[in-house]
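A short write-up of the structure that comes next.
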2 protein chains.
Amino acid sequence: MTEELPVRGRRTTLADVAARAGVSVPLVSIVMRDAPGASAATRERVRKAAEELGYRPDSRARMLRRSRTRLIGVVFGVQHPFHGDLVSGLYTAADAADYELALSAVTPGRDERRAVASLLQDRCEALILLGPALPTSELADLAARMPVIVVARPVRNRAVDVVRTDDAAGLHLAVDHLVDLGHTRIAHVDGGRAPGAAERRRGYREALDHHGLADQALIVPGGLTEDDGAAAARELIAARPTAVTVFNDRCATGVLDVLRREGVAVPGDMSVVGFDDSSLARLSHVALTTVAQDAGRITALAVARAVARLDGDAAADEREQVIPPHLVVRSTTAAPRADLAAAPARRVRTSSA
Amino acid sequence: MTEELPVRGRRTTLADVAARAGVSVPLVSIVMRDAPGASAATRERVRKAAEELGYRPDSRARMLRRSRTRLIGVVFGVQHPFHGDLVSGLYTAADAADYELALSAVTPGRDERRAVASLLQDRCEALILLGPALPTSELADLAARMPVIVVARPVRNRAVDVVRTDDAAGLHLAVDHLVDLGHTRIAHVDGGRAPGAAERRRGYREALDHHGLADQALIVPGGLTEDDGAAAARELIAARPTAVTVFNDRCATGVLDVLRREGVAVPGDMSVVGFDDSSLARLSHVALTTVAQDAGRITALAVARAVARLDGDAAADEREQVIPPHLVVRSTTAAPRADLAAAPARRVRTSSA
DNA sequence: ATGAAAGCGCTAACAT
DNA sequence: ATGTTAGCGCTTTCAT
């Protein structure tokens, strides 16, 4: 029994397997791909030979020969926790659609342009970009070459597909929940120029307006990080609304931390609502009430859209798919204390950072 | 002027560029690779043609033809924040060494075996695994096929290279710092079976022993997450050491949160030291004193080792490179209060969860 | 059911 | 300095 274990050096190829099985190369190819055109006996023999040689198909050669690479490029931010959830979902969806994923990370030393360039060289057939900061014009240029699906950021250009959470609706949910609890003085810590921040700000204003609370609006400058939230918390302590909606969970965590340290009880003195339902929010000692984005649905739709564009079947016409979020109520929201509910919030439209 | 903008459909190839420039295909290849063997005038002409056609080399064809792919596979956990720092560093190091990176993520639905398998099909020449959970035997099998560099986890097998932080030394730093401040009753919240946890536990014991404090040892079961830390904090509140070293920053954050909420002042009543110097620790409102792993150095060494194995030049013989960490002192450590410094810590070797 | 031949896009080896 | 030939590992005709 010749033990030809796979060792460092030349890789085993179809030809090696063919030689060992005593058949032609194309026939081995047929067997390896489970394509029709080989007898059961041959399949058996070829599989055995491949197994013994530790054969692994070369995806590069395969893609080179096929007209299609069945490869979808994904650009993600290595620092952003939510992108982790999205990447997980993308793998699942791509797998089901029989596509491969090529990951390209954006890091402090590697910008989006480089990340995209490397995917182009890998001959991806479509691009899925998670919360890209690239200008719309460049996205449009890319979209002229290949299907481009932008996730979690609105893009006003008919050439690119967009799958995103309905950010405005998310803030409606948050505000409605707080109003239901009896709050009237509800502030918002915003996300500055972050993707989605403008939509959430708008949703907040609309929702307040809808409840006849427009004159109670208080928008405090925030950002994406815990530090931004901590800074915002100081303004909140001065203004003393009874509840606050925060741009995202990270920022909300910063808000929570400072509030509690300064003796403001949550939810006793102030209710707090986040956005994302990240792992942070789920921690039992944080237990943040938050607006959940449906990562599984978003990623499934993103892949489905990429595949639809590639297969060219009935190219869907709405370029933007907006997914409704849902509210996850945990322990940072409650009815306002009776003595706090009445007093009016100090009105500050936008205070300077 | 023929505007042959790159449009969806067939990609432009070397042949297209060659035709437009009126030269042979290999000559274009030479120009695109900046290889010697073309006149300045030709280079000029070819570059112009390539530019006009929006030509991008096909990395798959390139790798297929070259004997070398110059591709290093990286397996990382999409949820682990520290892996983000490592991936960033790997890109930088690979770039400098003129290698490409192929990323393969481990997600809840995609285990390490799958992640590795896809990299093998991509014909990576070496593998860098971040904190892999794979059994040593499988790592050794892999290492028989190609250079394998394991990062951030000790592996007792001469076939694989290891680059990791000196975890035990990290706990020496932490304990020494606390002893210098005057602490004698120092507890440790451990990481269970997480990579590095055993080493850190050992370092903690050694350091206490070194200061003649062995009989004060108190190890509380913890874990990797904030929740684990929160649970451990309750035990700490009962035992009341004046200081605690925690497995990692995430867990330490959980400890901090509960301590503060239960009215235990940090660092007034209890000092806390983390491990990782993750972005969490750096947050101004957390300001955690912590043991910093040198991600830049670790990744540089990991790539350097992979390259050394591949180039076969003077294959370094120590398979394990242990990098000393350093202490970052922030605001969660201080001298113990005079009335607390004297009393002995309750002695619990390992309490049950 | 099986094999022979061709070629995906590129680079290396050899011509000239 | 430039062109010709061959072939990386695979899949796709097209024969048989």
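Numbers restart at 1 for each chain; the letters A, B, ... are given by sequence-line order, proteins then strands. Reckoned from all heavy atoms, side chains included, excluding hydrogens, waters and symmetry mates.
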Side chain proximity check, B:V87 to B:L130, heavy atoms < 4.5 angstrom: yes

With sequence neighbours excluded, residues passing side-chain contact (heavy atoms from CB on, under 4.5 Å) with A:T107: A:V78, A:A105, A:R110, B:S88, B:Y91

Roughly how many Å is it from CG in A:D122 to P in C:dC8, rounded to a whole number? 21 Å

Whole angstrom value for the distance that separates C1' of C:dC10 from CZ of A:R123: 11 Å

Using atom types as modelled and distance alone, determine if a side-chain donor or acceptor of B:E112 lies under 3.5 Å from a backbone N or O of B:L134. yes

Nucleotide nearest B:S24 when distance is taken to its side chain, options D:dT4, C:dG3, C:dC10: D:dT4

Whole-Å distance between D:dT11 P and B:R60 CZ? 14 Å

Under 3.5 Å donor-acceptor, A:R319 side chain and A:R158 backbone: yes

In numerical order, the residues of residues 25-33 of chain A whose heavy atoms come under 4.0 Å of DNA chain D are A:V25, A:P26, A:S29, A:R33

If you take any heavy atom closer than 4.0 Å to DNA chain D, which residues from residues 63-70 of chain B end up in contact? B:L64, B:R65

Can you find a heavy atom in the side chain of A:R113 that is under 4.5 Å from one in the side chain of A:V116? no

d(CD, B:Q121; P, D:dC10) in whole Å: 10 Å

Who are the side-chain contact (heavy atoms from CB on, under 4.5 Å) partners of A:A21, not counting sequence neighbours? A:V23, A:V46, A:A49

Looking at CE of B:M32 and CZ of B:R62, how far apart are the two atoms once the value is rounded to the nearest 0.5 Å? 7.5 Å

Axis-to-axis angle across the helix from C:dA1-D:dT16 to C:dT16-D:dA1, five pairs an end, to 10 degrees? 40°

Taking side-chain contact (heavy atoms from CB on, under 4.5 Å) as the definition, give me every residue that meets it alongside A:E44, ordered by chain and number, with sequence neighbours left out. none

Spacing between A:L14 atom CG and D:dG7 atom C1', to the nearest angstrom: 15 Å

Less than 4.5 Å apart, side chain to side chain, heavy atoms only: is that true for A:D294 and A:T165? no

Just verifying a value: how many Å separate B:L129 CG and B:L142 CG, rounded to the nearest 0.5 Å? 7.0 Å

Atom pair CG (A:D58) and CZ (B:R60), whose distance is rounded to the nearest 0.5 Å: 9.5 Å

